[in-house]
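Naming convention: chains lettered A, B, ... in sequence-line order (proteins, then strands); numbering from 1 in each chain.
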Amino acid sequence: MKTLIVGGGMGGTILANNLARRLGRELRSGKAQITMLSASDQHMYQPGLLYTSIGRMAPDELYRDQASLLEPEIEFHVDPAVTFDLDNNRVVTKSGKSHGYDQLVIATGSRAAPETVPGLAEHSVNCYTEQNALEMWRRVREFKGGKVGIVVGVPHKCPMIPLEVTFVLHDYFKDRGIADKVQFHYTYPIGRLHSLEPVGKWAEREFARMGIQTTTLFNISEVDGEGVVHTEEGEKLESDLLISVPPHKGMQVIEDNNLGANGFIPTDRLSLKMEGRDNVYVIGDTTNLPISKAGSTAHFEAEALAENLAALMKFGEPVRDYDGKVFCFIEAGKDRATYAMFDYNNPPAPKAPNKAVHWFKMAYNQLYWASARGLL
Amino acid sequence: MLELLRGTDPMAERKVIDARGTYCPGPLMELIAAMKQIEVGDELEVLSTDEGSASDIPEWINKVGHEMVETTQQGDVWHVVVRKAK
């Protein structure tokens with residue numbers, strides 16, 4: 001059985017390693033084959049960009065060689081997919097090489113697309129790429145005081161980022177002794193401060209305590225030449241430093257191959273199969289599922305899918321459904337954190353933040369590499 | 001998760017957002033994202049197991065100036081239908 005994995009981010013990497021361990025004997029005997037295609041020879045720890053944007057994690061700490069993370073039996077090519085020929089079970093790459101498969105997994109991820117909102121890229125900073133996180137750090141460290149606006153597009157990767165970036169910036173300015181010169185204005189697209197109702201209620205209390213102004217039902221439509229944000233609801237927001245969580249899109253190659261609108265592929269929420277295809281699976285941000293676009297989602301989907309792909313070879317049938325599990329840390333400042341865990345049947349019930357969870361998050365920033373190797 | 005159906009206006013399309021059993025980003029956020037992908041006059045039907053959808057979706061729709069078509073409850077699932085007006 002030949003498994004082709006397109007995408008070397010968190011989901012693709014955990015899937016490849018988990019599956020390789022389950023099929024060790026079959027891989028060594030040549031009965032199974034796992035091939036990964038990626039656009040880069042580097043693997044980035046994307047959650048680290050939040051810390052880079054406030055000067056707490058240098059860019060070189062974010063990367064490892066992708067090949068060093070993979071089990072030796074996995075065939076790895078730095079050669080991005082260009083054409084998906086699903087009717088003939090083939091993917092053609094940038095170099096022109098054609099890869100056949102029995103099972104295809106698409107895990108190409110998503111990207112921030114500030115250019116889809118007029119003026120947003122020019123007038124705001126964000127922490128979604130290394131370059132943008134470094135630019136945000138430059139603007140933040142040069143900031144002498146004034147109004148900080150936080151605006152949020154949909155859909156976006158990492159649903160905790162709007163709150164986290166507000167909390168960590170607040171503590172950063174407090175440490176610099178200029179908190180009394182900085183006024184925060186946090187905005188959010190729906191009628192509360194976060195998608196998760198208990199998290200939103202908790203943030204309401206925290207923001208009130210910290211003196212942070214808020215506006216809900218706030219969906220950016222454009223940023224004008226003066227840097228003023230305008231919304232679909234007719235609101236305006238002026239600021240001296242505009243922090244954005246830009247709307248996201250799936251990767252261009254997905255749209256180019258007509259696999260899904262906006263780059264997100266229609267996916268079955270339980271089997272993770274691409275709709276209408278029996279041997280094509282989708283994980284991570286690439287799905288169109290109405291669940292969090294987050295590393296932990298990709299992680300839990302990858303584990304479920306690896307178990308099923310191995311079971312297909314060993315038993316001829318999948319053995320379990322993806323249950324919708326998501327686990328998100330929530331940094332509540334420079335030294336406190338909490339978490340939210342939920343699935344399709346169990347809503348989240350986050351606890352009050354504390355230092356122990358923050359230090360566990362700090363440890364996870366290093367443990368991530370064990371997670372990517374499929375060990376954690 | 002979108003499914004294509006015919007809208008109440010026979011010329012309009014209706015897409016279904018199946019957000020049952022999902023908490024984050026949640027039904028309203030899915031609706032806001034999907035609204036950008038459809039044409040004026042087309043409809044979206046949100047399936048939600050969150051009782052709050054019956055009130056927070058109309059609140060946003062009315063504030064922005066789109067149109068509510070109907071809200072019904074079938075068992076534990078709310079069906080909220082809206083039409084893009086601008």
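One finds the CD1 atom of A/I190 at 5.5 Å from the CG atom of B/L28 (value rounded to the nearest 0.5 Å).
Only the side chain of A/F342 comes within less than 4.5 Å of a heavy atom in chain B; its backbone stays farther off. At a 4.5 Å heavy-atom cutoff, the contact between A/Y188 and chain B is made by side-chain atoms alone. Neither the backbone nor the side chain of A/T231 comes within contact range of chain B; no heavy atom of the residue lies under 4.5 Å from a heavy atom of that chain. Looking at A/N219, only its side chain comes within 4.5 Å of chain B, counting heavy atoms on both sides.
Side-chain atoms of A/E233 and B/W60, non-hydrogen and from C-beta on, do get closer than 4.5 Å to each other. Within the 4.5 Å cutoff, no side-chain heavy atoms of A/P155 are placed close to those of B/M29. Residues A/V154 and B/K36 are in side-chain contact: their nearest non-hydrogen atoms beyond the backbone lie under 4.5 Å apart.
Heavy atoms from other residues, nucleotides or ligands lying under 6.0 Å from CZ of A/F327 number more than 12. Heavy atoms of other residues, nucleotides or ligands lying less than 6.0 angstrom from CD of A/Q252 number more than 12. Around atom CD of B/E51, no more than 12 heavy atoms belonging to other residues, nucleotides or ligands sit under 6.0 Å away.
Among A/P347, A/P159, A/P189, the residue with the largest count of heavy-atom pairs under 4.5 Å with chain B is A/P347. Your options are A/E197, A/E232, A/R192, and the one with the most heavy-atom pairs under 4.5 Å with chain B is A/E232. Counting heavy-atom pairs under 4.5 Å between each of A/T287, A/T116, A/N262 and chain B puts A/N262 at the top. With chain B as the partner, the residue from A/V199, A/N346, A/N345, A/V326 showing the most heavy-atom pairs under 4.5 Å is A/N346. Comparing B/C24, B/G21, B/G52, B/A19 by how many heavy-atom pairs each has under 4.5 Å with chain A, the most go to B/C24.
Side-chain atoms of A/R269 come within 3.5 Å of backbone N or O of B/D18 as a donor-acceptor pair.
Using a 4.0 Å cut-off between charged nitrogen and carboxylate oxygen, A/E235 and B/K63 count as a salt-bridge pair.
Taking each heavy atom of B/Y23 and A/D343 in turn, the nearest pair found is CE1-O, 3.0 Å. Taking each heavy atom of B/E30 and A/I291 in turn, the nearest pair found is OE2-N, 4.3 Å.
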